[in-house]
Amino acid sequence: MMRLSIMPEISALIATGSPVAIGVSGGKDSQASALAVCEHLDRVGHAGPRLLVHSDLGSVEWRNSHPVCQDLADHLGLELVVLRRDKGGLMERWKAVGNRA
């Protein structure tokens with residue numbers, strides 16, 4: 001059993017069934033984190049909604065990140081929400097910020 005460090009305010013929200021959104025990238029660290037968080041939520045009896053959130057970085061995104069995140073969501077029985085920036089990905093954002101400097 002993995003032990004998580006959680007602030008009392010967050011524990012109180014979990015106890016009341018507040019929604020929990022877990023950020024995932026498709027990498028092993030975020031997969032392990034999502035599994036640990038869901039295990040903890042199950043252990044403490046969390047009854048609120050849960051979902052995974054993946055931010056698509058555009059052209060620099062690993063091509064398998066979305067399928068890996070979807071597989072994780074399917075394994076956990078959670079919805080996967082994928083966020084994309086309307087004005088392009090991470091590189092486009094950097095270029096836009098750089099042009100304002």
Side-chain angles (χ1 to χ4, degrees):
M1 171 173 64
M2 193 176 277
R3 216 181 127 133
L4 302 179
S5 176
I6 302 174
M7 295 174 54
E9 299 87 352
I10 301 300
S11 292
L13 289 167
I14 290 170
T16 64
S18 291
V20 175
I22 306 164
V24 292
S25 66
K28 290 181 175 113
D29 290 344
S30 71
Q31 292 177 62
S33 293
L35 292 167
V37 168
C38 287
E39 179 184 298
H40 174 76
L41 294 174
D42 289 343
R43 191 171 51 254
V44 299
H46 176 258
R50 306 173 192 180
L51 63 111
L52 299 182
V53 179
H54 173 68
S55 295
D56 187 323
L57 302 177
S59 63
V60 297
E61 186 75 35
W62 176 48
R63 65 182 162 92
N64 287 328
S65 63
H66 183 266
V68 168
C69 290
Q70 187 61 60
D71 288 347
L72 178 62
D74 294 344
H75 173 76
L76 294 171
L78 302 178
E79 176 186 2
L80 173 65
V81 174
V82 178
L83 304 174
R84 291 181 181 91
R85 188 171 173 268
D86 290 336
K87 296 180 181 180
L90 180 63
M91 295 307 291
E92 291 78 14
R93 174 71 176 138
W94 281 348
K95 289 176 185 176
V97 170
N99 288 336
R100 290 188 294 184

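Treat the numbers as computed from the prediction; the structure is a model and nothing was measured.
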Q: In this structure, which one of Val37, Asp42, Leu76 forms a side chain to side chain contact (heavy atoms under 4.5 Å, CB included) with Arg50?
A: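 It is Asp42; the other options fail the test.
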
Q: Which distance, rounded to the nearest 0.5 Å, do you find between the CD1 of Ile14 and the CD of Glu9?
A: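 So the CD1 of Ile14 and the CD of Glu9 are separated by 11.5 Å.
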
Q: May I ask you to decide if Gly27's main-chain N or O and Gln31's side chain share a donor-acceptor pair within less than 3.5 Å?
A: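 Yes, the answer is positive, given that a donor and an acceptor are paired below the 3.5 Å cut-off.
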
Q: Only counting residues at least two apart or in another chain, list the ones meeting side chain to side chain donor-acceptor pair (under 3.5 Å) with Ser33.
A: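 Here no residue qualifies.
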
Q: Listed by chain and number, what are the side chain to side chain contact (heavy atoms under 4.5 Å, CB included) partners of Ala21, not counting sequence neighbours?
A: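 Per chain and number, Ala21 pairs via side chain to side chain contact (heavy atoms under 4.5 Å, CB included) with Leu51, Val53.
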
Q: Say whether, by atom type as modelled, one donor and one acceptor occur between the side chain of His46 and the main chain of Ser18 under 3.5 angstrom.
A: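 Looks like yes, one N/O pair under 3.5 Å.
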
Q: Using every non-hydrogen atom in the two residues, find where Ser25 and Ser65 come nearest and quote the distance to one decimal.
A: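 For Ser25 versus Ser65, the nearest heavy atoms are O-CB, 3.3 Å.
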
Q: Working to the nearest 0.5 angstrom, can you tell me the gap between His54 NE2 and Leu72 CG?
A: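 Rounded to the nearest 0.5 Å, the NE2-CG separation comes out at 11.5 Å.
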
Q: What I'd like to find out is whether the side chain of Val20 reaches to under 4.5 Å of the side chain of Cys38, using heavy atoms alone.
A: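 No, too far: nothing below the 4.5 Å cut-off.
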
Q: Out of curiosity, Leu41 CG to Ile22 CD1, how far, rounded to the nearest 0.5 Å?
A: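 With rounding to 0.5 Å, CG (Leu41) is 6.0 Å from CD1 (Ile22).
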
Q: Report yes or no: does Ser30 contribute a side-chain atom to a donor-acceptor pair with the main-chain N or O of Val24 at less than 3.5 Å?
A: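 Absent.
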
Q: Name all residues meeting the side chain to side chain contact (heavy atoms under 4.5 Å, CB included) criterion together with Ala73; count only those two or more places apart in sequence or in a different chain, and write none if there are none.
A: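 So Ala73 forms a side chain to side chain contact (heavy atoms under 4.5 Å, CB included) with Leu52, Gln70, Leu80.
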
